[in-house]
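Only one structure is covered here, and it is reproduced in the block below.
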Amino acid sequence: MKAPLIHNERFVQIAAPLLVGVLVLLVWQLTVMAFDVPKYLVPSPVDIGQSLVSDFPSLFNALLMTLKVTLLAFAIAVIVGVAASLLFVQSKWIEISLFPYAVLMQVTPVVAIAPLIIIWVNDTTWALTVCAVIVAIFPIISNTTLGLRSVDPNLLSMFRMYRTSRWQELVRLRIPSALPYFFGGLRISSGLALIGAVVAEFVAGTGGARAGLAYMILQSGYNLQIPRMFAALILITVTGILLFALMVWMSDRALRNWHESALKVEH
């Protein structure tokens, strides 16, 4: 006899958030209708849905532009971040000398330097990408470096007792040990790449760069097309959720057979 769905962990993980979301939308719709709130102040979910359908072609084109910048920045952040981490782990002096500059990129507000990057880089897409990379790269560097350093001392001693090369130690010990940390960094960095792209588009949008969802939000706000503004926000949110879910799936596929963070607990 099959167990009730309420005891199915996968079903609960999907159904519980969906139920909360439906309740929030229902309360939102009823509140707007009860107080007769104008749609240019707070649109109802129905108004937002109608705008999402009617303006979908322009919103979808803007989404593609934002997604292009996000994925390009994320890929560059991963490649450069992993390369930097591999460099740091080779020498403590290299890490001490260069890691503060990675921290400097993290703490510098991208809004403050985005106008300069947009001026210095002639191509708008690449300018936005550079801004997004600056936002997204630190979690990759920080987590991967931590993972490469967090190896079992006993295993490290055994490797060195057998006089393995630095390459063998890196490939067979440090990189496998760093994978859970690396995938944790991917989860954070994917969302930050999207945030960096949107923030950079806001800055570029004020200068007349008509591309991306951020520009759609700005344009809708100026024209008091608030339902379309919310529709663009929903697309950004859904994109961020899908990117995070993709990183979780990749992590689960890579770690499920050997690391405790991905192993299924039997009840």
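Predicted, not measured: the structure shown is a model, and the values here were computed from it.
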Min side-chain heavy-atom separation Leu218-Glu201 under 4.5 Å: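 With C-beta onward as the side chain, the pair stays apart.
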
Minimum heavy-atom separation for [X] and [Y], please, with both atom names.
X	Y	result
Gly196	Val135	CA-CG2, 3.9 Å
Leu255	Pro180	CD1-CA, 3.9 Å
Ala197	Thr70	CB-OG1, 3.6 Å
Trp28	Pro43	NE1-O, 3.1 Å

Any donor-acceptor pair under 3.5 Å from Ser189 side chain to Ala136 backbone: yes

Nearest 0.5 angstrom please: [X] [atom1] to [Y] [atom2], how far?
X	Y	atom1	atom2	value
Leu148	Leu179	CG	CG	9.0 Å
Ile140	Thr145	CD1	OG1	10.5 Å
Thr31	Gln29	OG1	CD	9.5 Å

Side chain to side chain contact (heavy atoms under 4.5 Å, CB included) between Met247 and Leu243, intermediate numbers included: CA-CA 6 Å; Met247 295 304 108; Leu243 285 173; 5.5 Å; no

Derivation of the side chain to side chain contact (heavy atoms under 4.5 Å, CB included) call for Leu233 and Ile48: CA-CA 10 Å; Leu233 286 171; Ile48 297 171; over 6 Å; no

Would you give me the side-chain donor-acceptor pairs under 3.5 Å for residues 99-116, sequence neighbours excluded?
from   : atom 1 : to     : atom 2 : distance (Å)
Thr108 : OG1    : Leu104 : O      : 2.6

Set of ring pair (Phe, Tyr, Trp, His ring centres under 6.0 Å) partners for Tyr40, sequence neighbours left out: none

